[in-house]
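Hydrogens, waters and symmetry mates play no part in the numbers below; they use all other heavy atoms, side chains included.
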Amino acid sequence: MNTFSYAQEIVNELQRSVAQLGAGEAEQMAELLLRSGRVFVAGAGRSGLMGRAFAMRLMHAGKDAYVVGETVTPGIGPGDVLVLGTGSGETASLLSMAVKARAVGAAVVAVTLSPESSIGLLADHVVKLPGAPKEQADGGRITIQPMASLFEQTLLLFYDAVILRIMEETGQTSTRMFGNHANLE
Ligand SMILES: O=C([C@H](O)CO)[C@H](O)[C@H](O)COP(=O)(O)O
């Protein structure tokens, strides 16, 4: 297969993945973020990169949003929400964040392949995304892509869909959001 055909197959995989999203779970997450105080976003590795993109758009949309681990990120507290994007739901650093967040009265949202994982079971709200786990063997049936790429791509699409829902509910526009964009680039 050439590179273009691979790109087409990735889009086909994403189309199949998005069709499996739970509409109810997705809607509840958007609702939770709309009513929440500050939103803290975390994830490790590539899942974390998608989370960083989501936190930026939340900020553009007018939410107080933070990426966990940045030097300027404040402490989480009651009324806040911690969003964890984790395919496995077992990443140790994220699990300890979930425990801490719940202990101080914040809500935890897990966006994961595995609702039955340690993080999934601890979370107040779980959104299950389709995909293959990062330790999948070569030649899996769900995806031609390595490791958890399909999950990570679906995660970004899902996060962007949540942003559109928040924009719709708050009457937000792309033009106003651009006014919140970094001007020290
Ligand atoms: O970076 C990752 C890897 O490339 C998998 O495709 C993962 O996102 C990272 O290891 C975090 O794992 P999860 O918490 O299970 O998403």
Side-chain angles (χ1 to χ4, degrees), residues 10 14 17-18 20-76 79-89 91 93-95 97-98 100-101 106-115 117 119-120 122-131 134 147-174 176-182 185:
I10 290 172
L14 284 169
S17 274
V18 168
Q20 292 172 47
L21 279 178
E25 286 173 2
E27 207 51 32
Q28 281 166 19
M29 173 170 165
E31 287 295 321
L32 182 65
L33 296 188
L34 275 163
R35 337 182 275 274
S36 73
R38 301 170 301 173
V39 182
F40 293 71
V41 183
R46 282 171 51 109
S47 309
L49 294 175
M50 308 309 159
R52 297 175 79 84
F54 182 47
M56 183 196 236
R57 280 288 184 268
L58 287 169
M59 174 277 290
H60 288 149
K63 292 294 295 185
D64 271 344
Y66 299 94
V67 174
V68 175
E70 297 286 316
T71 52
V72 294
T73 296
I76 195 166
D80 295 334
V81 177
L82 173 64
V83 178
L84 298 172
T86 170
S88 63
T91 300
S93 57
L94 305 179
L95 179 57
M97 286 174 207
K100 177 76 187 206
V108 174
V109 175
V111 188
T112 181
L113 288 170
S114 319
S117 62
I119 294 172
L122 217 138
D124 299 279
H125 181 73
V126 178
V127 179
K128 178 177 166 41
L129 297 193
K134 61 185 168 187
M147 300 175 68
S149 290
L150 179 58
F151 167 75
E152 291 138 15
Q153 292 156 354
T154 309
L155 183 62
L156 183 62
L157 291 188
F158 172 68
Y159 281 156
D160 274 347
V162 171
I163 293 296
L164 283 168
R165 188 71 181 101
I166 288 173
M167 287 175 66
E168 182 184 359
E169 281 294 309
T170 58
Q172 188 55 274
T173 65
S174 183
R176 276 210 306 278
M177 285 168 72
F178 183 65
N180 291 332
H181 188 56
E185 287 186 323

Is a side-chain N or O of Lys100 found less than 3.5 angstrom from the main chain of Ile76, in a donor-acceptor match? no
Of all heavy-atom pairs linking Val126 and Gly120, the shortest is CG2-O, 3.3 Å
Just verifying a value: how many Å separate Ile163 CD1 and Leu58 CG, rounded to the nearest 0.5 Å? 4.0 Å
Looking only at heavy atoms, which two atoms of Gly62 and Asn180 are closest? And how far apart? N-ND2, 4.3 Å
Using the side-chain contact (heavy atoms from CB on, under 4.5 Å) definition, which of the options Val39, Val83, Val109 pairs with Leu32? Val109
Atom pair CD (Gln153) and CZ (Arg46), whose distance is rounded to the nearest 0.5 Å: 6.5 Å
With distance as the sole test, does Gln172 use its side chain to make a donor-acceptor pair with the main-chain N or O of Ile166 at under 3.5 Å? no
I'd like to know if the side chain of Asp80 and the backbone of Ala106 have a donor-acceptor N/O pair within less than 3.5 Å. no
Who passes salt bridge (Lys or Arg N to Asp or Glu O under 4.0 Å) against Glu169, sequence neighbours left out? Arg165
Taking His125 for its side chain and Val111 for its backbone only, find out whether a donor-acceptor pair lies under 3.5 Å. no
Kindly compute the distance separating OG1 (Thr112) from CZ (Phe151), expressed to the nearest 0.5 Å. 5.5 Å
Backbone N or O of Glu152 within a donor-acceptor pair of the Ser47 side chain at under 3.5 Å? no
What distance do Phe158 atom CZ and Ser17 atom OG have between them, rounded to the nearest 0.5 Å? 13.0 Å
Does the Arg176 side chain pair with the main chain of Gly171, one donor and one acceptor, at a distance under 3.5 Å? yes
For the student: nearest non-hydrogen atoms of Lys128 and Leu21, plus distance: O-CD2, 4.4 Å
Do side-chain atoms of Lys134 reach the backbone of Gly87 as a donor and acceptor pair under 3.5 angstrom? no
To the nearest 0.5 Å, what is the distance between OH (Tyr159) and CZ (Arg52)? 12.5 Å
Kindly write out the residues that satisfy side chain to side chain contact (heavy atoms under 4.5 Å, CB included) with Ala42, not counting sequence neighbours, or none if the list is empty. Val68, Leu82, Leu84, Leu94, Met97
Please name the pair of heavy atoms, one in Gly131 and one in Leu150, separated by the smallest distance, quoted to 0.1 Å. CA-CD2, 4.0 Å
Nearest atoms (heavy-atom pairs only) where Val108 meets Ala98: CG2-O, 3.8 Å
To the nearest 0.5 Å, tell me how far Glu168 CD sits from Leu34 CG. 10.0 Å
Identify the heavy atoms of Thr91 and Ser88 that sit nearest to each other, and give their distance. OG1-OG, 3.6 Å
